[in-house]
*Asks:* 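Would you mind keeping the following structure in view while I ask a few things?
What you see is a predicted model; the values in this text were computed from it and never measured.
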Amino acid sequence: MKDLISNINKVFESRVRLGIMSVLMVNESYDFNSLKETLDVTDGNLASHIKALEEKGMIKVNKQFIGRKPNTSYSVTETGMTEFRLHLKALENLIREQ
Amino acid sequence: MKSEKESIEDIKAIRRIMEDSSRFLSLSGLSGVFAGILAITGALVAWFFILGTGPFRFGDYFGSMTSGAAITLKWKLLADAGVVLLLSLFFAFCFSIKKAGKDGKSIWNSVSRRLLANLFLPLFAGGVLIIALMINNQIHFIIPCFLIFYGLALVNAGKFTMGEVYYLGILEMITGLVAAFVPGWSLLFWIFGFGILHIGYGVVMYRKLGV
């Protein structure tokens with residue numbers, strides 16, 4: 001039992017962060033505005049969760065210019081992918097155990 | 001600690017977000033039905049008003065006319081096909097807007113942009129090839145090319161929408177390939193590929209998902 005829960009990752013303990021990770025797991029990259037629209041959250045809220053995930057090395061930021069407009073997109077890192085899979089597994093196990 | 005209910009909610013949300021963010025699901029089965037009916041109408045217009053119910057086999061037909069008349073005829077047929085295409089896209093667009101509105105989703109997002117890019121790339125290649133075939137008088141291969149490239153476009157775009165679109169694409173592609181080996185019966189393959197297959201797809205989707 002203890003093993004199962006140890007995989008529940010504190011970094012993902014928020015619906016917004018779960019959302020960001022879910023989007024990036026199935027898409028090569030996603031830009032800020034599209035993320036905002038998909039998850040239906042405010043700029044500030046999204047930015048702070050992105051920052052947290054970035055600091056933990058779960059996602060990476062790609063800054064580009066499209067013409068003259070800056071365009072920021074995000075993608076999941078190798079670590080993020082592994083950690084998120086473990087987290088999902090832990091969630092599933094938790095449901096099965098109880 | 002997390003409760004079971006929370007975990008289930010989390011997993012549900014994850015699944016929904018993964019789907020919403022990677023697939024465009026605001027497609028209506030009615031678009032397929034309309035496209036099918038329009039394609040059959042277009043074929044009938046071509047048959048009765050442009051070809052004038054001449055011999056059903058294109059080859060015989062074109063062989064029996066002067067080159068000037070054949071050229072006018074070709075462009076008339078192309079215009080007919082173009083009108084069918086534009087009207088089909090128009091209706092698909094209207095039905096999608098309506099469906100997206102009902103689900104509270106937007107129609108113009110990163111997924112729909114990717115869907116369109118993947119759809120139009122093979123269509124563009126096919127369109128250019130068809131113009132080349134027209135110029136070089138390879139009439140037999142025009143409708144097979146329409147079907148094959150349309151099929152490839154759907155296979156390509158199927159990754160970004162319902163899985164059924166992918167299978168529709170494969171059927172269109174097969175229809176086109178068969179048509180390429182049976183020259184002269186293009187109009188029938190057109191009716192089957194763009195008419196009957198579309199209506200079939202539309203009815204299946206409509207029964208599965210509603211409007």
*Asks:* Between atom CD of E92(A) and atom CD1 of I8(B), what is the distance when rounded to the nearest 0.5 Å?
*Replies:* 11.5 Å
*Asks:* Surrounding CG of D40(A) (heavy atoms of other residues, nucleotides or ligands, distance under 6.0 Å), is the total greater than 12?
*Replies:* no
*Asks:* Using a 6.0 Å cut-off, check whether atom NZ of K60(A) has over 12 heavy atoms from anything other than its own residue.
*Replies:*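 Check passes, neighbour count above 12.
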*Asks:* Mind checking whether I95(A) and I11(B) have side chains closer than 4.5 Å, heavy atoms only?
*Replies:*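 Yes, their side chains come closer than 4.5 Å.
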*Asks:* Please check if the number of heavy atoms outside K51(A) that lie under 6.0 Å from its NZ is greater than 12.
*Replies:* no
*Asks:* Which bit of E19(B) is near chain A, if near means a heavy-atom gap under 4.5 Å: side chain, backbone, both or neither?
*Replies:*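 E19(B) has no heavy atom closer than 4.5 Å to chain A.
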*Asks:* Check whether F12(A) gets within reach of chain B through its side chain, its backbone, both or neither, counting any heavy atom under 4.5 Å.
*Replies:*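 Contact with chain B involves no heavy atom of F12(A) at all.
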*Asks:* Say you draw a straight line from CG of D20(B) to OG1 of T38(A); how long is it, rounded to the nearest 0.5 Å?
*Replies:*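 Output value for this atom pair is 7.5 Å.
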*Asks:* Are there over 12 heavy-atom neighbours, none belonging to Y167(B), within less than 6.0 Å of that residue's OH?
*Replies:* no
*Asks:* Give the minimum heavy-atom separation between M18(B) and F84(A), together with the two atoms involved.
*Replies:*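 Here M18(B) and F84(A) meet closest at CE-CE2, 4.1 Å.
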*Asks:* In this structure, are over 12 heavy atoms from other groups packed under 6.0 Å from K105(B) atom NZ?
*Replies:*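 Counting other residues, nucleotides and ligands, NZ of K105(B) exceeds 12 neighbours.
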*Asks:* Within this structure, what is the OG-CG distance for the pair S7(B) and L91(A), rounded to the nearest 0.5 Å?
*Replies:*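 With rounding to 0.5 Å, OG (S7(B)) is 5.0 Å from CG (L91(A)).
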*Asks:* What is the minimum heavy-atom distance between I17(B) and S22(A), and which atoms define it?
*Replies:*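 Taking every non-hydrogen atom into account, CG2-CB, 3.9 Å.
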*Asks:* Contact between R113(B) and S34(A) at the side-chain level, heavy atoms closer than 4.5 Å - yes or no?
*Replies:*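 In contact.
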*Asks:* Ignoring hydrogens and angles, state whether a donor on the side chain of S21(B) or Y30(A) is under 3.5 Å from an acceptor on the partner side chain.
*Replies:* no
*Asks:* For R114(B), is it the side chain, the backbone, both, or neither that has a heavy atom closer than 4.5 Å to a heavy atom of chain A?
*Replies:* side chain
*Asks:* Select, from L24(A), N27(A), N33(A), the one with the greatest count of heavy-atom pairs under 4.5 Å involving chain B.
*Replies:*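 That would be N27(A).
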*Asks:* For a 4.5 angstrom cut-off between non-hydrogen side-chain atoms, does D10(B) reach R15(A)?
*Replies:* yes
